[in-house]
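Take a look at the structure set out below.
Start at 1 with the first residue, then count along the sequence. The analysis underlying the following values was restricted to heavy atoms, covering all of them including side chains, and did not include hydrogens, waters or symmetry mates.
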Amino acid sequence: MNATATMHPSSRREFLANVGRGMLTASVGTALAADLGFTSRVFAEDAKGNRLTFGPMEPLVAMLENTPADQLLPLVVAKLQSGTELRTIVAAAALANSRAFGGHDYDGYHTFMALAPSFQMAQELPEDRRALPVLKVLHRNARFIQSTGCHEHEALHEIDSGTLPTQPPEPSSLREAMRQSDRAKAERTLAALTRDSVEDAYNQVQQCVQDDIDVHRVVLSWRAWETLDLTGKDQALTLLRQSVRFCVDAERERIKRKRPEPAVRATLTKLLDQYRLLSQKPGSRKGDDAWIETLCQAIYAGSGSQAADAVAAALAEGMAPADIGEAISLAANRLVLRDPGRTHGDAQKPPGSVHGASVGVHASDSANAWRNIARVSNHRNTVASLIVGAYHTAGQAGQASQQPYPWTEHLEKVKASDAPALLAELETAIRAKDQTRVSAVVHRYGELGHPARQVFDLLLKFAISEDGALHAEKYYRTVCEEFATTRPTLRWRHLVALARVTASEYGFPAPGYAQACQLLKL
């Protein structure tokens, strides 16, 4: 029997349109299809608007979006073997994810946030293993797109250029549209901004991001900017729309539930004015270790408003933004090292776990994002991101243990001193899921002055093989960056934290990892 014979007429039209679109694209390619008059208007019967397509990248994007996870990896490996670059694959996956989810779906945007880190992890590996972390995340990307049906009901569609403002948008126009929870207006404003200047658009997006504190709000914004290194800035509108939609959704929900405006909005405005930060040039005064520790403790132990005030005061005193960011990052790190572990768990995160969406991992990823945004933004957003980053990090120490890992009794049990013996002990402790032991071993390893690269190589292996409850790639890259930008006297705390989280997440192999190893003949 004809498969379409018993379909409802509207379903049959949708089915035939999808088949026709796929056959046309596969046979002649998107560019030629457009030349023949088959534009994106023809490709979709969708009340939301015209289908968003990506020119020469479209066939690869479509393959990554529409292929079931277990069927996808052999196709990707074949592409790589035929000469397609790994960075091109990751860029296409980011576009597929953005089009499918548009910053709405929890699993979807977590996977997007893992794509650029997976490519960065790949650069640390030998050539024959380089694709492994990317294949792992591509499998996850395809799995979530397929399971939610987003390959058939895409979130992002083209924005009609005829509806865009004719005049350059005002400096806070994007935030005002977001506060009105007017998604269409916000997206049109963003489109007009990216048309004129991608940098100006990103700076306006940051005003939206700073309006509330949420780990996904800020990390999604940072990873979108970072991913432009792979996709090119001509895809800025597509990637940044995710952040705008996330912020609009949050504002709409706040208004719907009649919740007050987040306090951080008034706090930020007050401190920028009180310390006259927008009229000052960034400072360059360096803080010594004692200064860093004092600010770190103020952020870690204080309330959000107290931490924000401490950072604003430091900025007014001319302290270097990089040093202030270092203190924020170390305050977040304390939450990992003092995390008592989950009291209640689930199949992927049992009691005692500190991986996944734990307070410390979330705080560290957030601090890293705020710090990176401060680095690439204009002056206003440099100071604002650090103030909001401190506010965000603070106020979370209520359930933390008084003493950070490793404890003295943990260190006393580490007898080895040479690097090979300590590395072997570290791997054994990871496989035993012994968080106290791994923390002590890495602390001792660093204390003895052994090279960090060998520890990173070992932890990278597990960041790739284990599922990590959506956070393994992001947090691994967070620690890599924070270790590199933290002074030598304090940086090993970050690597101790990564070792602890690695031991916590061990034992939950990542879906697709075994298939990827088999395809790469590892």
Side-chain angles (χ1 to χ4, degrees), residues 52 91 94-95 97-99 102-103 109 112-113 115-117 120 156 159 164-165 167-179 183 185-251 264-265 268 272 277-278 282 321-322 325 365-389 392 474 477 481:
L52 178 65
L95 296 175
N97 181 289
S98 301
R99 181 167 68 185
Y109 57 66
F112 174 85
M113 293 186 287
L115 282 165
Q120 292 160 341
L156 295 188
I159 297 173
L164 302 188
Q167 298 297 319
E170 294 297 318
S172 296
S173 55
L174 182 58
R175 183 180 63 188
E176 292 311 308
M178 184 276 293
R179 288 182 175 180
R183 189 174 76 191
K185 182 179 179 182
E187 290 192 273
R188 289 195 301 270
T189 302
L190 178 67
L193 287 165
T194 56
R195 176 189 60 197
D196 298 333
S197 167
V198 171
E199 289 74 17
D200 288 348
Y202 193 63
N203 279 304
Q204 282 220 29
V205 168
Q206 292 320 302
Q207 294 185 36
C208 299
V209 173
Q210 294 155 9
D211 249 10
D212 204 353
I213 52 171
D214 179 291
V215 58
H216 310 116
R217 190 181 186 109
V218 64
V219 176
L220 178 60
S221 169
W222 165 242
R223 294 301 179 189
W225 181 259
E226 180 183 48
T227 304
L228 292 178
D229 289 341
L230 301 174
T231 64
K233 288 188 177 180
D234 57 323
Q235 298 298 343
L237 177 58
T238 294
L239 300 192
L240 297 184
R241 282 172 76 184
Q242 299 175 94
S243 287
V244 169
R245 286 184 165 220
F246 186 103
C247 293
V248 170
D249 287 350
E251 190 69 4
V264 70
R265 298 183 186 181
L268 177 59
L272 291 175
L277 293 173
L278 300 186
D365 284 345
S366 297
N368 175 259
W370 288 118
R371 201 178 173 191
N372 275 310
I373 291 167
R375 179 176 53 80
V376 303
S377 298
N378 61 19
H379 173 63
R380 184 222 175 260
N381 287 325
T382 294
V383 298
S385 294
L386 293 173
I387 291 169
V388 178
H392 192 171
K474 293 197 312 316
R477 283 303 306 168
E481 292 172 11

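The distance from the CG atom of L115 to the CD atom of Q120 is 11.0 Å, given to the nearest 0.5 Å. M178 CE to C208 SG: the interatomic distance, rounded to the nearest 0.5 Å, is 4.5 Å. Once rounded to the nearest 0.5 Å, the distance linking CG of N381 with CH2 of W370 reads 9.5 Å.
With sequence neighbours excluded, the residues satisfying side-chain hydrogen bond (donor to acceptor under 3.5 Å, both in side chains) with N368 are N372, E481, E482. For Q207, the side-chain hydrogen bond (donor to acceptor under 3.5 Å, both in side chains) partners at least two apart in sequence or on another chain are S172. Shown here are the side-chain contact (heavy atoms from CB on, under 4.5 Å) partners of S243, two or more places apart in sequence or in another chain: V205, L220, S221. Residues that satisfy the side-chain hydrogen bond (donor to acceptor under 3.5 Å, both in side chains) test with R223, not counting sequence neighbours, are E226. Residues passing the salt bridge (Lys or Arg N to Asp or Glu O under 4.0 Å) test with R179 are D211, sequence neighbours excluded. Partners of D214 according to the side-chain hydrogen bond (donor to acceptor under 3.5 Å, both in side chains) rule, which considers only residues two or more places apart in sequence or in another chain, are H216. With sequence neighbours excluded, the residues that form a side-chain contact (heavy atoms from CB on, under 4.5 Å) with A192 are P165, P169, R195. Taking D212 as the reference, nothing meets the salt bridge (Lys or Arg N to Asp or Glu O under 4.0 Å) condition, with sequence neighbours excluded. F112 is linked by a ring-ring contact (aromatic ring centres under 6.0 Å, His included) to nothing, counting only residues two or more places apart in sequence or in another chain.
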Start with the C-alpha gap between V244 and T189, add the side-chain angles, then the distance that decides, and say whether side-chain contact (heavy atoms from CB on, under 4.5 Å) holds. CA-CA 10 Å; V244 169; T189 302; over 6 Å; no
Checking L174 against L193 for the side-chain contact (heavy atoms from CB on, under 4.5 Å) test, could you report, in this order, the C-alpha distance in whole Å, the side-chain angles of both residues, the deciding distance, and whether it holds? CA-CA 9 Å; L174 182 58; L193 287 165; 4.3 Å; yes
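One N or O on the side chain of T194 and one on the backbone of A191 form a donor-acceptor pair closer than 3.5 Å. A donor-acceptor pair under 3.5 Å is formed between the side chain of N203 and the backbone N or O of N378. Side-chain atoms of Q204 never come within 3.5 Å of backbone atoms of R175 as a donor-acceptor pair (strictly under, hydrogens ignored).
In plain terms, the two heavy atoms of A369 and W222 that are nearest each other are CB-CB, 3.9 Å. Annotation for Y109 and G103: closest pair CD2-O, 3.6 Å, computed over non-hydrogen atoms. Residue A250 comes nearest to R217 through the heavy atom pair CB-NH1, 3.7 Å, listed as atom of the first residue, atom of the second, then distance. Scanning both residues, Q206 and S377, for their nearest heavy atoms gives CG-OG, 4.2 Å. Smallest separation of non-hydrogen atoms from Q210 and L268: OE1-CD2, 3.9 Å. Taking both residues in full, the closest heavy atoms of A201 and L190 are given as CB-CD1, 4.2 Å, listed atom of the first, atom of the second, then distance.
Identified under the salt bridge (Lys or Arg N to Asp or Glu O under 4.0 Å) test for residues 237-248, with sequence neighbours left out: E187-R241, E187-R245.
Partner of L277 under the side chain to side chain contact (heavy atoms under 4.5 Å, CB included) criterion, out of L386, L272, T382: L272 alone.
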Side-chain donor-acceptor contacts of residues 231-239 below 3.5 Å, not counting sequence neighbours, with atom names and distances?
from: K233; atom 1: NZ; to: E199; atom 2: OE2; distance (Å): 2.6

